[in-house]
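Comments concern the structure below.
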Amino acid sequence: MSAELSPEERRLLEDKNFAHVATIRPDGTPHVVPVWVEVDDDGNIALNSAEGRVWPRNARRDPRVTVTVQNHENPYEYVSITGRVVEDTHEGADEHIDRLSHKYLGKDYPYRVPGEQRVTFRIAPERVSHSSG
């Protein structure tokens, strides 16, 4: 079952708000980390990471994730999106992290590590909850 984002929910994802992605550890406990976020033209949530980090490993093992984005100007407003990973790709991931970096920092991604391999995950929303505070 898929869910569509309203214009207000898309705005939270498109603005310079950080997200928290929650994945499930092998022992069943949640793992939550802050990430940069955007929404693609298909309404999927797009996140970027580097190979070797915990949340991508968790998402590959169990594709169920929740992404919560809080309005940095009004912390009582947030959108929480539960869905599944529908794409996990290295193709275009370097360009994707630069695009996200321009959104959040105004420049190309400055934290590259030699040999690092970037990966983009796309999450299809299944449930969306929005609180306007």
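It should be emphasised that the depicted structure is a prediction, and the values quoted were computed from it without experimental measurement. Quick note: numbers below take in every heavy atom, side chains included, and nothing from hydrogens, waters or symmetry partners.
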Trace of the side chain to side chain contact (heavy atoms under 4.5 Å, CB included) decision for Ile81 with Leu13: CA-CA 11 Å; Ile81 302 149; Leu13 293 160; 3.9 Å; yes
Open item on the list: One pair to check against side chain to side chain contact (heavy atoms under 4.5 Å, CB included): Arg64 and Ile24. What are the steps and the verdict?
Closed with: CA-CA 8 Å; Arg64 297 175 297 168; Ile24 303 167; 3.5 Å; yes
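When all heavy atoms of Pro110 and Leu105 are compared, the pair lying nearest together is CD-CD1, 3.8 Å. Of all heavy-atom pairs between Val67 and Ala19, the closest is CG1-CB, 3.8 Å. When every heavy atom of Thr68 is checked against every heavy atom of Ser80, the shortest pair comes out as OG1-OG, 3.2 Å. Ala3 approaches Val128 most closely through the heavy-atom pair CB-CG2, 3.9 Å.
Hydrophobic clustering (side-chain heavy atoms under 4.5 Å, transitive across Ile, Leu, Val, Met, Phe, Trp, Tyr) groups Tyr111 together with Ile97. When hydrophobic clusters are built by joining Ile, Leu, Val, Met, Phe, Trp and Tyr residues whose side-chain heavy atoms come closer than 4.5 Å, directly or via intermediates, Val65 is not grouped with Val54.
Ser6 is linked by a side-chain hydrogen bond (donor to acceptor under 3.5 Å, both in side chains) to Glu8, Glu9, counting only residues two or more places apart in sequence or in another chain. Remark: Arg53 pairs with Ser49, Ala50, Pro56, Tyr109, Glu116, Arg118 by the side chain to side chain contact (heavy atoms under 4.5 Å, CB included) rule, at least two apart or across chains. Applying the side chain to side chain contact (heavy atoms under 4.5 Å, CB included) test to Thr82 and every residue at least two apart in sequence or in another chain returns Thr66, Arg127.
Every pair passing salt bridge (Lys or Arg N to Asp or Glu O under 4.0 Å) that includes a residue from residues 86-96 is listed here, sequence neighbours excluded: Arg60-Asp88, Glu87-Arg122. Identified under the ring-ring contact (aromatic ring centres under 6.0 Å, His included) test for residues 54-101, with sequence neighbours left out: Trp55-Phe121. For residues 103-115, the set of pairs meeting the salt bridge (Lys or Arg N to Asp or Glu O under 4.0 Å) definition, not counting sequence neighbours, comprises Asp98-Arg112. Within the structure, salt bridge (Lys or Arg N to Asp or Glu O under 4.0 Å) pairs that include any residue of residues 70-79 comprise Arg11-Glu77 (at least two apart or interchain).
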Pair up each side-chain donor or acceptor in residues 29-37 with any protein partner under 3.5 Å, not counting sequence neighbours, and list the distances.
| residue | atom | partner | partner atom | Å |
| --- | --- | --- | --- | --- |
| Thr29 | OG1 | Arg25 | NH1 | 3.3 |
| Thr29 | OG1 | Asp27 | OD1 | 2.6 |
| His31 | ND1 | Arg25 | NH2 | 3.3 |

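When side chains are defined from C-beta on, Thr89 does not count as touching Val119, because their heavy atoms never get closer than 4.5 Å.
Not one N or O on the side chain of Asn71 forms a donor-acceptor pair closer than 3.5 Å with the backbone of Pro75. Side chain of Asn48 to main chain of Ala93: a donor-acceptor pair is present (N/O by atom type, distance under 3.5 Å, no hydrogens or angles).
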